Amino acid sequence: MNTRVLTSRSLRVAAVAATAALTLAACGSNGDSKDAAGAPSAGAATAAGPVVVEATNGKITVPAGVKRIVSISYATGALLDLGVQPVGTSTIDENNPMELLPSQTEAAKKIEPIGSGIEINIEKVASLKPDLIVVEGATAFDWGVKKLEGIAPTLYFGIDKPVDLLTAQEKIATAVGKDAEFKKLKADYDSKAAKIKSDYAAKLNTVKWTIASSYGGGEFLVDTSSSWVGRVLADAGATFSQASADPAEHEVTYSTEKLDVLADADIILIPRTAATGEVPQDTKDLDKQPSWKNLKAVQAGKVLPVTYATTDRYGTSIDVLNQVETILKGL
């Protein structure tokens, strides 16, 4: 068994992303997942005056009245949640386009593409004449922040663990004058989580959850209670299977020979890509393993897809809560 940093899922193909197709314009969500965030329609940032924001690259002064924002990696979803439409954006990588809510897909089609993964077209960024550049990305990669800082004030939020993305969204909201919108998103999330925790307390205390996926190669991943979806489940009061209970690492990698670590799980959530509504083939292929078929959750028909498995912000986290509630209603 070994553990991996945040990059193992969200940026697995970033090193070869120069050849990736830029897929944001076609990005959407499957019909089963509802837009629960109630996010305002996308528009310009409205910061009233200069504000200093503490980011990974230091204390950055964001000028007043920023209107033209270039967003890189996870920053696009964070801004769209707040009702701010960037003028330029990158995708995360070829296997993980932006996981947008249904209300955000039309706005996304109007955003100019600037690259995929860590392969950012600096000249294209400069041509868009941004007032502000916002980067959210794993610290394991070089995002070219120094070059970006030569174009416009740049906020770089280095991500080491899933919860860092929520902290970054709050700081982004302050930078673009959308504190009220952020507070509403967070309040809606907290209220929804508390309601599920109260309404389904009996089921939550007796049902054990885990999240599993695979990239092939004879291995699979188990997400823990500190992972993207795990954090949402924890806030809703879920009980975790043994493999997911330890929050020390947000995901753990096992050989497929160790599928029996999922034996005590009553529900196994598996990721479904927002853009296609499909479970990735490598994860589907877990059912070819004899030990997979012997798992309690598999035999009970409780291997269930979840959209926004890398939920990186409050908008998609609210949607995950709705999916969890739907599952609980059916138990």
Side-chain angles (χ1 to χ4, degrees), residues 1-17 20 92-96 99 117 138-141 159-165 207-234 238-274 276 278-312 320 324 327:
M1 179 183 75
N2 65 349
T3 57
R4 300 190 182 188
V5 295
L6 183 68
T7 56
S8 62
R9 173 173 297 152
S10 62
L11 291 164
R12 192 175 180 88
V13 194
V16 294
I92 296 174
D93 66 40
E94 63 180 344
N95 288 347
N96 186 16
E99 293 195 311
T139 55
F141 293 107
I159 307 301
D160 289 315
K161 52 188 181 299
V163 72
D164 293 343
L165 291 156
V207 174
K208 294 181 179 179
W209 302 68
T210 194
I211 308 106
S213 60
S214 177
Y215 289 107
E219 295 180 334
F220 71 102
L221 302 175
V222 176
D223 285 11
T224 72
S225 58
S226 63
S227 70
W228 300 267
V229 172
R231 171 189 53 78
V232 177
L233 287 169
T239 302
F240 291 90
S241 71
Q242 185 174 350
S244 290
D246 186 354
E249 298 288 344
H250 68 272
E251 61 182 25
V252 184
T253 304
Y254 294 90
S255 162
T256 50
E257 296 174 354
K258 300 291 186 180
L259 279 166
D260 58 356
V261 300
L262 304 175
D264 65 329
D266 297 294
I267 296 175
I268 300 174
L269 298 179
I270 56 175
R272 173 174 54 194
T273 304
T276 64
E278 297 292 329
V279 173
Q281 189 60 48
D282 285 331
T283 299
K284 288 181 181 179
D285 286 345
L286 288 173
D287 67 8
K288 295 178 180 178
Q289 303 294 324
S291 52
W292 176 264
K293 297 179 175 64
N294 294 329
L295 295 174
K296 175 170 58 174
V298 175
Q299 294 183 348
K302 296 302 180 184
V303 178
L304 306 172
V306 59
T307 309
Y308 310 120
T310 52
T311 178
D312 58 302
V320 171
V324 169
I327 291 169

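The shown structure was predicted, so the numbers you read here are calculated from the model rather than taken from an experiment. Numbers here are sequence positions counted from 1.
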Worksheet item: With no hydrogens and no angle check, is any side-chain donor or acceptor of S255 less than 3.5 Å from a backbone partner on K258?
Response: no
Discussion item. Less than 4.0 angstrom from a charged side-chain N to a carboxylate O is my criterion; do K296 and D266 meet it?
Written reply: yes
Response to the item:
Interatomic distance, CZ@R231 vs NE2@H250, rounded to 0.5 Å, equals 12.5 Å
Discussion item. Parallel, tilted or perpendicular: which one describes the rings of Y254 and F220, with boundaries at 30° and 60°?
Written reply: parallel
Discussion item. So V229 and D223, do their side chains get closer than 4.5 Å, heavy atoms only?
Written reply: no
Item to complete: Just jot down the side-chain contact (heavy atoms from CB on, under 4.5 Å) partners of I327, sequence neighbours excluded, or say none.
Response: W209, I267, L269, L304
Worksheet item: Between S241 (side chain) and A265 (backbone), is there a donor-acceptor pair under 3.5 Å?
Response: no
Fill in: Sub-4.5 Å side-chain heavy-atom contact between L233 and S225
no
Discussion item. So W228 and I211, do their side chains get closer than 4.5 Å, heavy atoms only?
Written reply: no
Worksheet item: Does the side chain of S226 come within less than 4.5 Å of V163's, by heavy atoms?
Response: no
Worksheet entry | Residue pair L295 / D260: nearest heavy atoms and the distance that separates them | CD2-CA, 4.4 Å
Practice prompt. Looking only at non-hydrogen atoms, find the nearest pair between T253 and L221 and report the distance.
Written response: OG1-CD2, 3.0 Å
Worksheet, complete the sentence: Minimal heavy-atom distance between V222 and S244, with the atoms involved, is CG1-OG, 3.4 Å
Practice prompt. With the side chain counted from C-beta on, respond yes when T239 and K208 share a heavy-atom pair under 4.5 Å apart, and no when they do not.
Written response: yes
Discussion item. Closer than 3.5 angstrom, by distance alone: can the side chain of T283 be matched with the main-chain N or O of S214 as a donor-acceptor pair?
Written reply: yes
Worksheet entry | Atom pair OG1 (T210) and CD1 (I270), whose distance is rounded to the nearest 0.5 Å | 12.0 Å
Would you list the atom pairs, donor with acceptor, under 3.5 Å between side chains in residues 285-294 and any protein atom, with sequence neighbours excluded?
| residue | atom | partner | partner atom | Å |
| --- | --- | --- | --- | --- |
| D285 | OD1 | Q281 | NE2 | 2.8 |
| D285 | OD1 | K288 | NZ | 3.4 |
| K293 | NZ | D287 | O | 2.4 |

Worksheet entry | Separation between CD of Q242 and CG of L262, rounded to the nearest 0.5 Å | 11.0 Å
